[in-house]
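Take a look at the structure set out below.
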Amino acid sequence: MTNLRFNAVEVASARSAKTVETPSNRISDYFGEDCFGLPQMKAHLAPGIYKKVESAVKHGTKIDEATADAVATSVATWAISKGATHHTHWFQPLTGSSAEKHDSFFDYTKGIETFKGSTLVQQEPDASSFPNGGIRATNQARGYTGWDPSSPIFIVDKTLCIPTVFVSFTGDTLDYKTPLLKAQEAINKATIDVCQYFEEGVTSISASLGCEQEYFLVDKAFYVARPDLYITGRTLFGAKPPHGQQLDDHYFGSIAPRVNAFMKDFEYQSHKLGIPITTRHNEVAPGQFEAAPLYEEINTGVDHNLLMMDIMEKVAGEHNFAVLLHEKPFAGLNGSGKHNNWSLITNKGRNLFDPEGSLYFLTFLVNSVKAVHKYADLLRASIASAGNDHRLGANEAPPAIMSVFLGSSLTAFLDEVAKTGKLVFNEGDDQYIELGLDKIPGLKLDTTDRNRTSPFAFTGNKFEFRAVGSTQNTATPMTVLNLIVAEQLTNFKETVDAAIAGGKDKEAAIRDVLVQYIKESEAIRFEGDGYSQEWVEEAASRGLSNVKDTPRALDFFISKEAKEIFAKQGVFTEREIEARHDVWSEIYSTKIDIESKTMEEIVLNKVIPASANYVSRLTDSAVKLKDLGLDASTVITTIEEVTGFMKTAKEGVAAMVLERDRVLAIDDTNAQAVEFCDSIKEKYFDTIRAAVDRLELFVDDAEWPLPKYSEMLLLK
Ligand SMILES: NC(=O)CC[C@H](N)C(=O)O
């Protein structure tokens, strides 16, 4: 086993960057060539057919059979001409990844390639084999996937992929996309209604999303030598490296050639699919990186993020890397987030969070802040996962307490409104930082600073939901965010309309309601250090929740209040959200169970044998020293220390295994998740790890079986 580690060091340090060729240096030459969205349909379809698809996308009208057949023929002709041999519905079950089942275009009864409209529109995967929270029993297997024409069709590896929703025979949603589409409808309607106060002609809204994706890369040779990495996605053990991120020397540093080649390659594959990645850089921790796209319409943005993660994993393999999308692959180092940049844009092109047109802008800003205040717990639930529990609250990731950061100017303004009860605008001049250097013009100040400890930060013309975890399908946080803002805007409209009906002037009515909201939601606004103990205490005194673990956070999904707004806005039925709560609790338990079993295996099969070998050599040496009449005390103390750590690790594992058997026998899904959290993870993981990490420092380096942090992170 020891060899595996040293082979890995040898293999990894000898590798060089792979050459990556793109057909052109201009991305515009191949951007989107493997996708078939609305612009491509416009070019390929008869105008009448295209109009019907466009209307389905924009207004949700039904696509008739003849239209579906025409689209199917056109998309199949395009795909086959590009070498595609198979087609699949591409959907997002509650597993967290995408799902696909490839069927060939070839119809052997006819001897030709065919693709029917009915196959484009609908297919029937087995619903009982996907997580469904008890909605479908094995004997009630029927589930349907249905084409989502609003997200572009694409080709990956000679397979035509059709983005679809996934529902059960009874019509219950079984995927991540359907609730997002429903929340989108809710936010569209609520936003359009409110826009009417300010301008005419707003007939549709696009919620937009740009996901910054953080990730780690490790050489494949190290990855296969670490069962914890390939089984759980994170290191369950690993002593702190002497050089971690203390020198801040990785962030924005020059990108290593092998990594750069990987980035070029996966960006090329993504660009062909129309995924607008624009930014790449080294992140804070050694071995950590980021890719960020330009914003897109939210449903496409979510699909593209999911697809991008899949591409990253595939392309990494070709470069002899493993990409780690886990929120905290390495303890003590920066974790990985998926910062969701979210905004609302009207059909007339106005970004509703652009601070122009003061009252218009302020209406959407204040309503968003109010929504986060009122439904903070639901937002917290939307980002809950076993992986994110490790990340939240450290290393530039936000804490588990939800709050909103607005920046000093807006904060001063809202504070003043709250204090005086009056909403008056003083248009300020642009602000500049005067550098006092003749050759460099003054730097223009943004309207907001950045606060990396904030879970929900206003960044000048959008909000950045920073608490989302890097592995997550971001449809859930985006569903919740759009839903709560929709609900808030609906209430706002009702209140303002009532005041107008009561004889109040429209603008005065809007101002009055906003003043009231600004006062009511003061508690959620926080500009300071989200990690400080003072904030924990202050947040508690402000009545904000601080729920640190997933099983308890998930409970917010099934609160009375949550169920009411899910139902009111048509996003989840009570049965659907109960089912999801079960699925997510079970996923949590399963993850902790797998981690605990992996720990057990590594301790028993690797750590104890390696340590015992070392002890045996030490013992020989002590005997020899004594035989020669020399001082053996240093060796003997080492033996005592090593065997002491071995004992802690071994006994910890034995106790954990017993406890695990008890927890595994618990019937109630949520009670079991709580027990996995408290009685397995919290009670044993850290103690066992601490002992093993000490052994890593003590045991002869030549015998230690697991690649060390420094090797995995610092070798390029
Ligand atoms: N530079 C950054 O933005 C760090 C963010 C941090 N990695 C997170 O987990 O969110």
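All ligand and atom numbering here is 1-based and tracks the order in the structure.
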Is it the case that N305 and Q213 place a side-chain donor and acceptor less than 3.5 Å from each other? yes

For [atom], the protein heavy atom that lies nearest, with its residue and separation:
atom                   : value
atom 4 (C) of ligand 1 : E396 OE1, 3.3 Å
atom 5 (C) of ligand 1 : E214 OE2, 3.4 Å
atom 9 (O) of ligand 1 : R391 NE, 2.8 Å

Just to check, does E283 reach to within less than 4.0 Å of ligand 1 when the distance is taken from its heavy atoms? yes

Does H339 have a heavy atom less than 4.0 Å from any atom of ligand 1? yes

Is the ring centre of [X] less than 6.0 Å from the ring centre of [Y]?
X    : Y    : answer
F463 : F456 : yes
W342 : F353 : yes
W535 : F526 : yes
F330 : Y709 : yes

So, is G335 polar-close to ligand 1, with some N/O to N/O distance under 3.5 Å? yes

Taking the side chain as every heavy atom from C-beta outward, state whether P131 and T95 have any pair of such atoms under 4.5 Å apart. yes

Go through ligand 1 atom by atom and flag the ones less than 4.0 Å from a non-hydrogen atom of N334. 4 (C), 6 (C), 7 (N)

Logged contact type for E327 with ligand 1, heavy-atom cut-off 4.0 Å, is neither

